[in-house]
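Inspection log for the structure reproduced underneath, given as structure tokens.
These numbers come from the heavy atoms of this one structure, side chains and all, not from hydrogens, waters or symmetry mates.
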Amino acid sequence: MGTGASISICQTLSSIKVRHCTNKVGPEPQKIFGIPLDNFTQEATFQHVPLVVKHMTEYLEEFGLNYKGLFRINGSATRIKELKQKYDQGQEVNLVKEGDVHSVASLLKLFLNELPVPVFPDNLYTDVLTIFKGNTNHVTECTRCLQRLLSSLPRAHYSLFHYLIRFLAKVASHSDVNHMTLENLAVVFGPTFFRIPCSPSACEKQRLCNDMLLYFLQHHEDLFVSCPNSHFSPMAEDDP
């Protein structure tokens, strides 16, 4: 991601096509929120990451990295609703003119929370949690086992998870200003990436998931660099 974010996020999403099963005659809806990641066509993605996510993260990189409490302070409910509606209706969305940092950050979390299948699918998080719990004192073995499990993620989920981990690491690199350390980001995004069913042990499992997300953030360069069947080309680094 680079400094051209303010231009690219202004482009229309009306060209995004989403696959729907319907018997109705007429134009298909352009819904963006609340659909499975696999439903985004190639035209609606950037390296298998939904364009709407790319637009919001580019905006936040351009304008939000130095905002104190990024992702912790909620945005305007009215503005969030309006932006979501425009995305879902396939209208042109200009985040520079119509958004603000905290509303766009909240909108990104809303997009992730409304995914029918979370970024890290329910059928895999138990295995990952078991590996993490059993190897927390053995970094090399833990990394190797997590790499293997990462490679079993569906392509769209792997790509989005990798993309967001890289993005959050960049947010944390400005923690001296925005106060969002890796630890704080793990607490904020843990419940979004890993959805824990209600149970007597739910709080403990969520704490472990947050710790595991922190591990992913701390070791992402090792976890993804040699991951088998890597689906995703990492984001470009900042210009020197």
Side-chain angles (χ1 to χ4, degrees), residues 1-19 30-65 71 87-88 90 92-93 95-96 104-105 107-121 124 128 146-173 185 189 192-194 213 216-217 219-240:
M1 296 184 187
T3 57
S6 59
I7 297 176
S8 62
I9 60 174
C10 298
Q11 65 184 0
T12 178
L13 290 181
S14 61
S15 61
I16 291 179
K17 299 180 178 66
V18 180
R19 296 197 299 272
Q30 299 289 324
K31 189 174 181 182
I32 298 297
F33 284 71
I35 67 170
L37 288 174
D38 290 338
N39 280 31
F40 288 89
T41 65
Q42 185 63 36
E43 292 78 14
T45 63
F46 167 76
Q47 295 179 326
H48 305 285
V49 175
L51 278 177
V52 62
V53 172
K54 177 176 180 286
H55 292 165
M56 289 189 283
T57 54
E58 284 192 344
Y59 171 87
L60 292 171
E61 280 200 20
E62 186 78 13
F63 301 106
L65 292 182
F71 292 115
Y87 276 123
D88 272 341
E92 181 176 351
V93 179
L95 294 178
V96 176
V104 174
L107 188 65
L108 176 60
K109 290 192 295 183
L110 180 64
F111 175 86
L112 299 174
N113 284 325
E114 290 194 354
L115 289 172
V117 178
V119 177
F120 219 98
L124 291 176
V128 175
L146 289 176
Q147 279 182 326
R148 186 172 65 249
L149 271 178
L150 280 172
S151 69
S152 68
L153 282 173
R155 183 174 190 174
H157 290 256
Y158 176 92
S159 298
L160 180 58
F161 187 57
H162 186 187
Y163 184 92
L164 290 172
I165 289 292
R166 291 287 301 275
F167 167 68
L168 293 177
K170 180 171 282 191
V171 172
S173 71
L185 289 167
F189 281 89
T192 297
F193 288 168
F194 305 94
L213 179 57
F216 277 114
L217 289 166
H219 300 277
H220 69 93
E221 292 182 352
D222 295 324
L223 283 163
F224 290 99
V225 69
S226 59
C227 190
N229 302 317
S230 180
H231 311 303
F232 177 61
S233 299
M235 293 181 288
E237 299 294 337
D238 288 336
D239 295 331

Taking the side chain as every heavy atom from C-beta outward, state whether [X] and [Y] have any pair of such atoms under 4.5 Å apart.
| X | Y | value |
| --- | --- | --- |
| Leu213 | Ile165 | yes |
| Leu107 | Met56 | yes |
| Leu65 | Leu60 | no |
| Leu37 | Pro154 | no |

Among Phe120, Phe167, Phe71, whose ring pair (Phe, Tyr, Trp, His ring centres under 6.0 Å) with Phe189 holds?
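Going through the options one by one, the only one that passes is Phe71.
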
Taking atom [atom1] of [X] and atom [atom2] of [Y], what is their separation to the nearest 0.5 Å?
| X | Y | atom1 | atom2 | value |
| --- | --- | --- | --- | --- |
| Leu168 | Arg166 | CG | CZ | 12.0 Å |
| Thr192 | Leu108 | OG1 | CG | 9.0 Å |
| Arg148 | Ser151 | CZ | OG | 8.0 Å |
| Phe40 | Ile32 | CZ | CD1 | 5.0 Å |
| Leu164 | His220 | CG | NE2 | 12.5 Å |
| His162 | Leu223 | NE2 | CG | 9.5 Å |

Using the rule given for side chain to side chain contact (heavy atoms under 4.5 Å, CB included), can you reason through Leu150 versus Phe161, listing the C-alpha separation, both sets of side-chain angles and the distance that settles it, and then say yes or no?
CA-CA 9 Å; Leu150 280 172; Phe161 187 57; 3.8 Å; yes

Verify the ring-centre separation between Phe224 and Tyr163: is it less than 6.0 angstrom?
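That pair fails the under 6.0 Å test.
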
In this structure, is the centre-to-centre distance between the rings of Tyr87 and Phe111 below 6.0 Å?
no

For the backbone of Asp38 and the side chain of His157, can you confirm whether one donor and one acceptor N or O come within less than 3.5 Å of each other?
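No, the answer is negative, given that no donor and acceptor are paired below the 3.5 Å cut-off.
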
Hey, does the side chain of Ser159 reach the backbone of Ala156 with a donor-acceptor pair shorter than 3.5 angstrom?
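A pair under 3.5 Å: no.
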
Please report the closest heavy-atom contact between Leu217 and Ala169, naming both atoms and the distance.
CD2-N, 4.3 Å

Given side chain to side chain contact (heavy atoms under 4.5 Å, CB included), test Leu160 with Leu112 step by step and report yes or no.
CA-CA 10 Å; Leu160 180 58; Leu112 299 174; 4.1 Å; yes

